[in-house]
Amino acid sequence: MTHSSKPPKSPTLATLAVHGGRDAHVVDEPVDFPLYQSVNFVQEIGTGAGMRYPRYGNNPNAELVQSRLALLEGAEAGLVLASGQGATACALLALLRPGDHLLVSSWIYGGTHELVTKELPAMGIQCTLVDPTESRGWRRRLRKNTRAIFVESPVNPTCRVLDLKPISVLTKELGVALVVDSTFATPIAFRPLEHGADVVVHSATKFLNGHHDVVAGAVLGTATYIEEVRRKMTVWGQAPDPFACWLLERGLKTLDVRIKRATGNAMRVALWCETRPELSTVQYPGLPSHPDHEIALATLDGMGAMMAIVHRDGGDAMTKMVSRLRTITHAPSLGGLETLVSEPRFSSHEHLSLDERKALGVPDGFLRISVGIEDPDDIIADLDQALRG
Ligand SMILES: *Cc1c(COP(=O)(O)O)cnc(C)c1O
């Protein structure tokens, strides 16, 4: 016997994060969606239609998490890939052909930077970096063959927040695609498609999975476009493993509570950091001192769990401070349950000179903090003893 336990008419994000993509339960069916750790599925005889193979992105675990992410972002369709980098690469390969031109914000993740400055140009796709704060910067660098604009917001690692509105007005006017890497926001805080974007890209390795135990990425957009991304993913071999999809689906269930808890913690930590004489800068969109505070207030549903601090005495002082941390862990990734810190000059920005890093807002002494879900008093106590030395 079956009974329907359909979610309410307009389920909220918190409910979609738990149930999205599974709207009817059958008696004796497992409550947790099972892991289909199988490469092969019995195929219907006499037709190629509906054939399942994980590299096509149609393993049942992939399909469930894809539909859940699409519901959370308000997209027609979604695709889960093997990494955030794979998601960005396939998202752009599905939009651009040799001879096309792409405008890219200069404030982007290191891997994206390498993709657009080395790999895509080598394939005959022209890419121009644009300082997103430059007035009319996007319009001035347009070419006849410009096909898309790519931005990241909030920005890794400076936590700057971009206003998508003027950019989306331009992309709509030109009929080109606006692609947004929304890894730092997650759909709990920001849904780019509601702000004029056409494509959303995520490193699901970060907040979407949230447990520092999966590498995955996601692309969201129209069904037609996602089919083209799927084609690229299939041919370039960027599909995720079923177990990664299963873990990601489990991680998504707690997305809303994790983000809210970590955001509350980040606000507490940021306010405390602002009182510290050892720190010359505290970057958190929730602080009135943040350069994009007004944009963040107007566009985000939450200020997020990412922040950054700068030690007034520079790089050595910050490295010493980090070496004294006990609860907080020094590690390069972000977006999980544990509070992690990272000095970009030794990770994502290692290949840049000090002047180049300064120009991007990442001077020596800069520390990115991914605030976790621990008790905020313990996070603050750890920072306090480490700063005091
Ligand atoms: C980590 C990250 C990526 C790359 O994701 P992977 O899952 O590591 O491949 C892309 N964009 C942003 C903003 C990131 O933080």
Side-chain angles (χ1 to χ4, degrees), residues 62 65 69 73 78-93 104-120 129 132 150-162 164 179-187 189-190 192 197 199-220 229 232-233 236-241 243-245 247-248 251-252 259 262 283 285 300 304-308 331-336 340-344 347-351 360-362 366-372:
V65 76
L69 284 171
E73 287 287 5
L79 193 68
V80 172
L81 298 95
S83 68
Q85 189 67 23
T88 304
C90 292
L92 291 176
L93 287 172
V104 190
S105 166
S106 51
W107 297 348
I108 42 168
Y109 177 74
T112 313
H113 187 269
E114 183 149 353
L115 182 70
V116 301
T117 57
K118 299 208 175 83
E119 299 301 316
L120 294 185
L129 292 172
F150 182 97
V151 301
E152 176 182 310
S153 180
V155 175
N156 184 6
T158 56
C159 305
R160 294 293 301 262
V161 181
L162 302 189
L164 288 194
V179 185
V180 179
D181 181 337
S182 195
T183 297
F184 269 32
T186 83
F190 189 65
V199 176
V200 183
V201 172
H202 279 284
S203 168
T205 311
K206 317 292 169 57
F207 292 102
L208 293 184
N209 178 62
H211 291 72
H212 300 307
D213 55 11
V214 166
V215 179
V219 184
L220 294 304
V229 182
K232 297 295 177 193
M233 177 185 84
W236 291 89
Q238 286 299 310
D241 185 77
F243 186 43
C245 297
L247 283 170
L248 176 56
L252 276 178
I259 295 296
Q283 289 266 86
L300 304 183
M306 298 304 301
M307 55 175 285
S333 195
L334 59 103
L340 301 186
V341 295
S342 170
E343 283 187 89
S347 54
S348 55
H349 291 56
E350 199 183 7
H351 60 291
L360 288 170
V362 189
F366 182 105
L367 187 74
R368 185 186 71 189
I369 309 178
S370 171
V371 180

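Note that the numbering runs from 1 along the sequence shown for the chain. Counting starts at 1 for both ligands and their atoms, following the listed order.
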Is a side-chain N or O of S182 found less than 3.5 angstrom from the main chain of A185, in a donor-acceptor match? no
Quiz item: Is a donor on one side and an acceptor on the other found under 3.5 Å between the side chain of Q283 and the backbone of C159?
Solution: no
Residue shell for ligand 1, any heavy atom closer than 4.0 Å, reads S83, G84, Q85, Y109, E152, N156, D181, T183, S203, T205, K206, A216
- Determine yes or no for a side-chain-to-main-chain donor-acceptor pair under 3.5 angstrom, with S370 supplying the side chain and G335 the backbone. yes
Would you confirm whether R368, through its side chain, and P332, through its main-chain N or O, come within 3.5 Å as a donor-acceptor pair?
yes
Main-chain N/O of V200 paired to E73 side chain as donor or acceptor, under 3.5 Å:
no
Which side-chain N or O atoms in residues 110-117 pair as donor and acceptor under 3.5 Å with protein atoms at least two apart or in another chain?
residue	atom	partner	partner atom	Å
T117	OG1	H113	O	2.6

